[in-house]
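These notes are about the structure you will find just below.
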Number of protein chains: 2
Amino acid sequence: MKQELLASLGIKVTKQRKVIVAILEKSKEPITAEEIYSCIDVQEGINFSTVYRTLNTLAEKGAVTKTGEPGGKIYFQLKEHHHAHELECLACHKHIMIDECPVESFSRTLNKETGFVVTEHHLQLKGLCAECASHSDKSV
Amino acid sequence: MKQELLASLGIKVTKQRKVIVAILEKSKEPITAEEIYSCIDVQEGINFSTVYRTLNTLAEKGAVTKTGEPGGKIYFQLKEHHHAHELECLACHKHIMIDECPVESFSRTLNKETGFVVTEHHLQLKGLCAECASHSDKSV
DNA sequence: CTCTGTGCAAACACTTTGCACCAAC
DNA sequence: GTTGGTGCAAAGTGTTTGCACAGAG
């Protein structure tokens, strides 16, 4: 258990947060607030709002990522379960790492719709970084 | 204008649907139901429910795709504005084309968060197609 | 004429928030 | 002791739905 995660984020380490982080750690795939809630309901009696608030706090601190289909429930997962992708700026050729991945949520949808199981993917993103984009905008 | 789209889907061609499709055609990027509604509000007086119902009907018929961030508003766009990606089955080596793209919605989020503008991307998806996946499941 | 689509308003599901109390630092 | 976190219940937000009427086929 790395409950130190909470401390390292500079937020208070409460019983509730420990429980929620523990559940996130156990779940190797994204889960909804509801699922988390139903895991604790019985044993600990943590409030639904607390679940949401904790998840949002963790997301703000960058420890958790949200995924999900448009209009549907939000799925949460610890970022450690993520892999990284790279952005390449076509103007300054800077490379930027991002640890969010759009394919995970997409794969879930795809599986529901088609039955296809995505086991690996490769994603290349190219474009303009914030600075280069603003330059080219203003120069017009 | 390809209002024949409506007829080709086997649904009734109403004034409201024409207007909505026309707006979707005009908008080269995904828009929300709200945005569509505000486009028509003045001129035609179409109901919000009709907008949603039409969009969902179009989505069911496969003429429109939904995208959007988890927990956020749903963005709609005509599929013609999409490009395709390919699924490759690692077992039977079948290739399957899909015309949805998870990167579009992701790019929007990314831009909001980091300012990076994605202008091109390349996505490879590999895994198991529905049949191969079910075989490998059942064989265990 | 029939049946699908529409308007309206009310219901929904999921998520967020205000306030008073409580516990971590 | 201070400040941030929690529980509770109530309010949001975006989307969906039931019903009676209207318009497309």
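Note that the structure is predicted; figures quoted are calculated from it, not measured. Every chain is numbered from 1 and lettered A, B, ... according to where its sequence line falls, protein lines coming before strand lines.
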Tell me the interatomic distance from B/Leu6, atom CG, to C/dT4, atom P, rounded to whole angstroms. 17 Å
Expressed as a whole number of angstroms, how long is the span from B/Lys61:NZ to C/dT4:P? 11 Å
Which heavy-atom pair separates A/Val51 from A/Ile20 by the least distance, and what is that distance? CA-CD1, 3.8 Å
Can you name the closest pair of heavy atoms from A/Thr67 and B/Pro70 and give their distance? O-CB, 3.3 Å
Taking only residues at least two apart or on different chains, which pairs with a member in residues 102-130 of chain B satisfy ring-ring contact (aromatic ring centres under 6.0 Å, His included)? B/His83-B/His121, B/His85-B/His121
Please figure out whether B/Thr14 or A/Phe48 has its closest DNA chain C nucleotide nearer the 5' end. B/Thr14
Taking atom P of C/dG7 as reference, at what distance in whole Å does atom CD1 of B/Ile40 sit? 9 Å
Toward the 5' end of DNA chain D, which comes first, B/Ser49 or B/Gly71, by nearest nucleotide? B/Gly71
Distance in angstrom units between A/Glu35 CD and C/dC14 C1', rounded: 14 Å
What are the two closest heavy atoms between A/Ile46 and A/Tyr37, and how far apart are they? O-CE1, 2.9 Å
Heavy atoms of chain B, cut-off under 4.0 Å: which first and last nucleotide of DNA chain D, 5' to 3', fall inside that, if you could look? D/dG14 to D/dG25
A/Lys18 NZ - C/dC25 P separation (whole Å): 8 Å
Measure from CD on A/Gln16 to P on C/dA23 and round the result to the nearest Å. 10 Å
What's A/Lys73 touching, base or sugar-phosphate or nothing? Going by heavy atoms closer than 4.0 Å. sugar-phosphate
Length of the CD-P vector between A/Glu60 and C/dT16, whole Å: 10 Å
So, does B/Arg17 get its side chain near the phosphate of C/dG5, meaning an N or O under 4.0 Å from OP1 or OP2? yes
Specify the separation, in whole Å, of atom CG of A/Leu55 and atom C1' of C/dT16. 13 Å
So, A/Gln77 versus A/Glu104: side-chain donor-acceptor pair below 3.5 Å or not? yes
